[in-house]
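Small disclaimer: the values here were computed from a predicted structure and weren't measured. Order of the sequence lines fixes the chain letters, A, B, ..., with proteins taken first and strands second; residue numbering starts at 1 for each chain.
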Amino acid sequence: MDYLQGLNAQQREAVLHKDGPLMIVAGAGSGKTKVLTTRIAHLMATGVDAFNILALTFTNKAAKEMKERIEKVLGNNEARNLYIGTFHSVFARILRGEAHNIGYPNNFTIYDTDDTKSVIKTVVNELNLDDKHYKPSAVYNRISSAKNALVGPAEYANDYALQQEDMRANRPAIAQIYDAYVKRCFKNGAMDFDDLLLKFYELLKNVPESLSKYQRKFKYILVDEYQDTNPAQYEVIKLLGAMHENVCVVGDDAQSIYSFRGATIENILQFQKDYEDAKVVKLEQNYRSSKSILDVANEVIKNNKGQIPKNLWTDKGEGEKLKLVRLNTDNDEGKFVADTIQEQKLRNHYNNRDFAILYRTNAQSRAFEESLRRMGIPYTMFGGISFYQRKEIKDYVAYLRIIVNPRDEEALKRIINYPVRGIGKTTIDKLVLLANQHNISMWEVLERAREAGFKAGTLEAIENFVTMIKSFASMLQVKNAYDVAVHVGKQTNFVKELFNDKSTEGVQRYENVQELLNSIKEWTESPDTEEGEVNDKGLGAYLQQITLLTDADEKDPNADTVKLMSIHAAKGLEFGCVFAAGLEEMLFPNALAINSREELEEERRLFYVVITRAKERLWISYANTRYRFGNLVQNEPSRFLDELPEKYLDRSFAGGGMRNQINNRSAYDRMNGGGWGGGSAAREAEKRYGAPPSKRAGTTPSTPSYIPPKPQQKAVEHVPSADFVASDISNLQVGQRVEHQKFGFGEVVKMEGSGHNPIATVKFELNGEKKIMLNYARLRIIS
DNA sequence: AGCTGCAAAATTTTT
DNA sequence: TTTTGCAGCT
């Protein structure tokens, strides 16, 4: 039991508590993940079968980390039998075997946000409503909130308060759209993200056999970030845990930052009422931050009402004061941060990976990207689009989706005439009309096209298409997902089309598609993790899984790069040095979140979260002016800055250079009514430093957004051996000799980044050491 | 049917 | 400022 060593008294108490409900109130940096993972390891060490443990997290990243840490503690591979994952992925996985019980196909499609908005747009148009007024994103927010609160279309229509709200927003038809949207998804055999929670809840509530099956299975349930659960998640946990009541929730009310997604802080405040004999353990010692940082955080959060009382403390020293920095423009802010990183690296010997730049909105990233590039500092930006959201990938995937679930209308519309095969807009409109008239799926209309009286040429095109898709489907009966995917790419001319496009983007698209195929291959060949009942290596399972991946899951968090991300995305992480940027009114607190005490308090919790990410040093910055949609706007400093205790503050202006001095004065003048034309610091800087950074162009998954080129070691040309064939590199070992198509011959010197994203460091004879992502690289093993 | 070019919108946070 | 959508042209 040496895993109990190194736990403090409260942590140990939480780990050792065996049966019955348990709530762990875990302050920031108090070793929450350690407790959760040790607790699971302890359960297993004391005889609980891994198959009977369910652990739910909010991000794939958190799930992966937990799994790895448990493996490490246990020293065997029993952990792979645990059900650890996000709410969405675990529920999707179970629904894959159970969906037929609630009228869905088990191979249901999962609609991502784009698919969802597209369906809404379709529905809005079909109801003859104006999609300028009923904007898909606005409608989606309404529907999503309703689903998360377990309010169905009928209840929605009958809910007086909701109806009033819609009336006031001049959108009275939301209820009608909601109803049509749900019906359309059902007809398409598709679930959106919210459905994964909602339908799983419905399954448990309405199908007693399924409920008792999973109640019996999950004897121990652990929930991370409980403060961020919404009513749907709450009810599911309650139902699943009702038999054994071994429900352990971990959370921190001070870090609840997802109410916009339906999370109710009530869930954590109510836990003791739900389970009267619940044990409550508070983890109050912070192991992460210096005393100054922690005190500042505590001081800030005091301004919120209705907390679970707790006293977060540390035995660390005071450390550095935090720096509060005022800048003139957002570009100056970017420059200041990059300069400071450079300086800190030299002066205090930090690595790139010790820095994080955190902001309220993703749109703020640009200034930082620009300045980091200019300084040649490598960075990774989180929060972009996922690999699987790229157009060419979604198109390819649409073919695969159709094969698995022909009723998936969104996929069908995407590829029915791509590459062109003579089924144009007129034909598609007619197909949709027929489907709606007869209340059948579009696919069924295609199958029965002969009855519909199309012109001969059109009919032939349709029938060829149907035959082709059917041939793919029957191939899937005998071949694995990878073989089918390759065949689809060839047969449809899809891959050829991309290959023939020799523009830079075209080449990138082609490479992306090759990577998609590699990922399917890897999936096909990786070992089964489920217990027999469902084929979890099938194409359907693959498709369901990739929809739930975010770009954060594709990037290496351990790479030696500066990390850029939103504060939301940074929850759960820690960094030696943190820059909290853009502390301005309208931005943070955000203009859209200052209309009620609840909203404002959530913004303040967000501020608390960003402060508590820092271990040693913290900079808080704000700019007098910044660009918004190309216009310069002025903002007041954030009201939260007034809540910082003066004694830990070190205030300053940025830089001391001439340019800054002048700009300081101009900003000051402007604030006092003095006129100054629209001199653009950005444009000026661009002239000076040359080309702007390319945006997110062509980064491949798992690579940082930007790595500065190393001038001294250009890749030396290597001509691959005539017999070059990529080997199976899933079991690559240190010491093996390999050949890479570009880099030549080399030896594996290091393996890291375990689990889904293994990385090998290879020392090449001609090109020196390179980090190779095994998921995507093609290597030939020589010995 | 597909492409070009202009107007209008976009940014809060995410599985 | 950048991206998206659509109208009108070929």
Side-chain angles (χ1 to χ4, degrees), chain A residues 56-63 85-92 110-114 116-117 121 131-132 135-138 140-141 144 147-148 191-198 225 228-230 232-233 256-263 330-331 358-367 370 382-386 389 391 417-418 420-428 544-553 565-571 582 586-594 599 602-603 605-607 609-610 626-633 680 682-683 686 692 694-697:
Chain A
L56 297 168
T57 65
F58 274 81
T59 62
N60 294 305
K61 197 171 59 186
T86 63
F87 282 90
H88 291 83
S89 72
V90 168
F91 295 178
I110 298 174
Y111 278 167
D112 66 14
T113 313
D114 288 339
T116 300
K117 285 183 186 163
K121 204 174 164 190
D131 65 1
K132 287 269 155 35
K135 286 192 210 121
S137 51
Y140 176 48
N141 283 339
S144 178
K147 285 188 174 182
N148 287 325
M191 297 191 198
D192 63 22
F193 287 143
D194 304 316
D195 282 334
L196 294 175
L197 312 179
L198 185 64
E225 310 277 16
D228 287 329
T229 51
N230 62 37
Q233 290 161 325
S256 163
I257 54 173
Y258 278 101
S259 74
F260 72 93
R261 228 168 68 186
D330 47 352
N331 291 301
L358 308 178
Y359 33 75
R360 173 69 241 265
T361 67
N362 282 309
Q364 287 165 256
S365 69
R366 175 158 304 156
E370 279 185 24
F382 294 80
I385 60 162
S386 156
Q389 315 246 39
K391 269 188 228 79
N417 200 33
Y418 179 68
V420 279
R421 53 172 67 85
I423 308 180
K425 195 178 178 312
T426 327
T427 311
I428 294 173
Q544 290 180 344
Q545 178 231 256
I546 59 172
T547 313
L548 299 175
L549 293 176
T550 67
D551 84 316
D553 302 316
M565 64 186 91
S566 71
I567 300 171
H568 283 87
K571 193 162 73 151
M586 311 307 278
L587 193 58
F588 193 5
N590 194 272
L592 295 170
I594 49 174
E599 284 176 343
E602 178 145 320
E603 294 288 301
R605 290 193 293 270
L606 208 44
F607 189 41
V609 168
V610 71
R626 70 173 60 235
Y627 281 91
R628 190 164 168 269
F629 303 147
N631 296 319
L632 205 55
V633 293
S680 155
R683 226 161 289 142
E686 214 149 84
S694 67
K695 288 121 271 166
R696 295 169 191 158

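In this structure, CG of D114(A) is placed 10 Å from P of dG5(C), rounded to the nearest angstrom. Between I257(A) atom CD1 and dT14(B) atom P the separation is 9 Å, expressed in whole Å. For the pair D330(A) CG and dT2(C) P, the computed distance is 13 Å after rounding to whole Å. When rounded to the nearest whole Å, the span between OH of Y140(A) and C1' of dT13(B) equals 13 Å. Spacing between atom CD1 of I385(A) and atom P of dT14(B) amounts to 15 Å, rounded to whole angstrom units. Between the C1' atom of dT13(B) and the CD atom of E225(A) lies a distance of 15 Å, rounded to the nearest Å. Across the protein-nucleic acid pair, D194(A) atom CG and dT15(B) atom P stand 13 Å apart, rounded to whole Å. One can place NZ of K425(A) at 13 Å from C1' of dA7(C), the figure rounded to the nearest angstrom.
Closest to the side chain of A569(A), out of dT14(B), dT12(B), dT15(B), is dT14(B). The listed nucleotides are dT13(B), dT12(B), dG2(B); the one nearest the side chain of F260(A) is dT13(B). Proximity note for H88(A) (side chain, C-beta onward) versus dG2(B), dT15(B), dT13(B): the nearest is dT15(B). The side chain of H568(A) approaches dT13(B) more closely than any other nucleotide in the set dT12(B), dT13(B), dT2(C). Looking at the side chain of K121(A), the nearest of the listed nucleotides dC6(C), dT14(B), dT12(B) is dC6(C).
Without hydrogens or angle criteria, N417(A) side chain to R421(A) main chain gives a donor-acceptor distance under 3.5 Å. Not one N or O on the side chain of D195(A) forms a donor-acceptor pair closer than 3.5 Å with the backbone of L198(A).
Atom name C1', nucleotides dT4(C) and dT13(B): the rounded distance is 23 Å, in whole Å. Between dC6(C) and dT11(B), the two C1' atoms lie 23 Å apart (nearest whole Å). Between dT12(B) and dG5(C), the two C1' atoms lie 24 Å apart (nearest whole Å).
Contact of the Q233(A) side chain with the L56(A) side chain is not registered, since no non-hydrogen atoms from C-beta on lie closer than 4.5 Å.
Phosphate proximity of dT14(B) to S566(A): present, with a side-chain N or O under 4.0 Å from OP1 or OP2. Applying the 4.0 Å criterion to OP1 and OP2 of dT14(B), one finds that N362(A) has a side-chain N or O inside that range.
A donor-acceptor pair shorter than 3.5 Å can be found between the side chains of D553(A) and T550(A).
The residue F588(A) sits apart from the nucleic acid: no heavy atom pair falls under 4.0 Å. K135(A) comes within 4.0 angstrom of the backbone, heavy atoms only, and of no base. Heavy atoms of T550(A) sit under 4.0 angstrom from primed sugar atoms or phosphate atoms, though from no base atom.
Between N60(A) and K132(A), the residue anchored closer to the 5' end of DNA chain B is K132(A), taking for each the nucleotide with the nearest heavy atom. Residue whose closest nucleotide on DNA chain B sits further toward the 5' end, between F87(A) and T426(A): T426(A).
No more than 12 heavy atoms of other residues, nucleotides or ligands lie within 6.0 Å of CZ in R628(A), so this atom counts as exposed by the packing criterion.
For dA10(B), the paired base is dT1(C) (Watson-Crick or G-U wobble, both distances below 3.5 Å).
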* In sequence, state the C-alpha distance, the side-chain angles, and the governing distance for S386(A) and Q389(A), and then conclude on side-chain hydrogen bond (donor to acceptor under 3.5 Å, both in side chains). => CA-CA 5 Å; S386(A) 156; Q389(A) 315 246 39; 5.2 Å; no

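Stacking between F629(A) and dA9(B) is absent: the aromatic ring centre is not both under 5.5 angstrom from the base six-membered ring centre and within 30 degrees in plane angle.
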